[in-house]
Number of protein chains: 2
Amino acid sequence: MESDTYHHGNLKKALITTGLEILSEKGIEGLSLRKVARRVGVSHAAPYNHFSDKQALLAAISTEGHKQLYETLFRIFDSMKHASEDILLEIAWAYLQFAVEDPGRFKLMFSGALDEESKHPEFVEIASKNIALLEAIIQFCKEDGRLPAEALEIAAIKLWSSVHGFTSLVLEDQFPPEYMQAHQLRELLKAVVSP
Amino acid sequence: MESDTYHHGNLKKALITTGLEILSEKGIEGLSLRKVARRVGVSHAAPYNHFSDKQALLAAISTEGHKQLYETLFRIFDSMKHASEDILLEIAWAYLQFAVEDPGRFKLMFSGALDEESKHPEFVEIASKNIALLEAIIQFCKEDGRLPAEALEIAAIKLWSSVHGFTSLVLEDQFPPEYMQAHQLRELLKAVVSP
DNA sequence: ACCTGAACACCGTTCAAGT
DNA sequence: ACCTGAACACCGTTCAAGT
């Protein structure tokens, strides 16, 4: 039954979700094509019917990660539109949590062994959706009307750079322990997102 | 003669510098223990006399990269102390150039396949030297006297996060092409480091 | 059209053996 | 003390062969 359904096109999806599973359990170093195939219950050559090589599978897994990130951030943004909390901080916090709760997924998404993600149309689609969301959030936070396009782009780059850099450095344990002992993570993030 | 000198302790250093070479040529994916040993002209088991495993060699290579980054930034800082240009921008630019001119080295240093760098005393030493340099730079840029320790730490985290995030995202090609076409890289970086 | 199994070239790591 | 060569378990990729 199971091996039968794979003949109807589910294998591709199964490889992606199982890849995310292993990524979450064993990290980026522990993710191999053969291991994914083994766990799915298929021969190690089977994935090549759906992905041209390992890079292509990794790109698909990364794309799925970006979709999850979009869902997460969109939900936060949507639920806070009417509760006037500090939206920027909540979004940044969600970004950080997304990274911390599954470092392997985040590292695959951004610390790119993937050179040719830009060739996969599905990836560029979700990437631009994420950019659009980021811009919408910034636009919303400037309550005094819309920003000019130029300022919007600059603001997006500044915000994303800060939050992404802080998240990466926290994930890689690059800040000295004194820094982290003296302050709470959320407090530091607040300082990072505040202008 | 050459194989003789390896009996006198140069092999360890040779493995590190050859590792950096291969990293620069083939990227992080193309760096294997056996390839390093082969290029140095030694058997694939020889490195185990100097490093407990591949991780340990990678940690040593990463440490060497951090030393190079320190040298680069220190030189800039030292040479600009008396020419009152925009030091923060020049430092940030040097950081970005350091990453762009050798992405493999930068990725190894920060996109950590290295979990146990903190166990290597040489690494924690250079890491804290880099932190101290960062603090000195910030201190210098606040011409009105010294900052309190708390504000200094916060300022260091904010600056490093911004510059590191921007650098990583540029390196991984995460910004949409429209952003990059509409602005020059240095102009964007200037916006990122300006408060 | 999709999957399997054998084959190949590579990898990290260990260990007896050499000097 | 340091290096070698064989050995082992793993990997990505290809390809004939099966259904």
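Since the model is a prediction, treat every value here as computed from it, not as a measurement. Every chain is numbered from 1 and lettered A, B, ... according to where its sequence line falls, protein lines coming before strand lines.
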Spacing of B:Asn49 atom CG relative to D:dG5 atom P, expressed in whole Å:
14 Å
Find the distance A:Leu58:CG to D:dG12:C1' and express it as a whole number of Å.
11 Å
To the nearest Å, how far apart are B:Lys35 NZ and C:dA9 P?
16 Å
Any salt bridge (Lys or Arg N to Asp or Glu O under 4.0 Å) pairs touching residues 128-138 of chain A, not counting sequence neighbours?
none
Could you state the CZ-C1' distance from B:Arg38 to D:dT4, rounded to the nearest angstrom?
15 Å
How does DNA chain D look in dot-bracket notation if pairs are Watson-Crick or G-U with both distances under 3.5 Å, crossing ones as [ ], other-strand ones as |?
||.|||||...|||||.||
Phosphate contact (C:dC3 OP1 or OP2) by A:Ser43 side-chain N/O below 4.0 Å
no
For A:His66, give me all partners under ring pair (Phe, Tyr, Trp, His ring centres under 6.0 Å), at least two apart in sequence or on another chain.
A:Phe110, A:Phe123
Can you see if the side chain of A:His50 gets near the phosphate of C:dA1 - specifically, an N or O under 4.0 Å from OP1 or OP2?
no
Going by ring pair (Phe, Tyr, Trp, His ring centres under 6.0 Å), name the residues that satisfy it together with A:Tyr179, two or more places apart in sequence or in a different chain.
none
Residues, nucleotides or ligands: over 12 heavy atoms within 6.0 Å of B:Glu125 CD
no
Taking only residues two or more places apart in sequence, or in another chain, which ones meet B:Phe77 in a ring pair (Phe, Tyr, Trp, His ring centres under 6.0 Å)?
B:Phe140
From CG of A:Leu11 across to P of C:dC2 the rounded distance in Å is 10 Å
Can you build the contact string for nucleotides 13-19 of chain D? Use B for base contact, S for sugar-phosphate-only contact, and - for no protein heavy atom under 4.0 Å.
BBB----
How many whole angstroms separate atom CG of B:Leu15 from atom P of D:dC2?
13 Å
What pairs meet the salt bridge (Lys or Arg N to Asp or Glu O under 4.0 Å) rule with one or both residues in residues 180-195 of chain B, with sequence neighbours excluded?
B:Glu90-B:Arg186
Listing, residues 150-162 of chain B side-chain donor-acceptor contacts under 3.5 Å, not counting sequence neighbours, or none:
| residue | atom | partner | partner atom | Å |
| --- | --- | --- | --- | --- |
| B:Glu153 | OE1 | A:His183 | NE2 | 2.9 |
| B:Lys158 | NZ | A:Ala191 | O | 3.4 |
| B:Lys158 | NZ | A:Ser194 | O | 3.2 |
| B:Lys158 | NZ | A:Pro195 | O | 3.2 |
| B:Trp160 | NE1 | B:Tyr95 | OH | 3.1 |
| B:Ser161 | OG | B:Ile157 | O | 2.8 |
| B:Ser162 | OG | A:Ser162 | OG | 3.4 |
| B:Ser162 | OG | B:Lys158 | O | 2.9 |

Determine which pairs satisfy salt bridge (Lys or Arg N to Asp or Glu O under 4.0 Å) with at least one residue from residues 35-49 of chain A, sequence neighbours left out, and list them in order.
A:Glu21-A:Arg39, A:Glu25-A:Arg39
Test side chain to side chain contact (heavy atoms under 4.5 Å, CB included) on A:Leu15 and A:Leu11; report intermediate values, then the result.
CA-CA 6 Å; A:Leu15 290 168; A:Leu11 179 53; 3.9 Å; yes
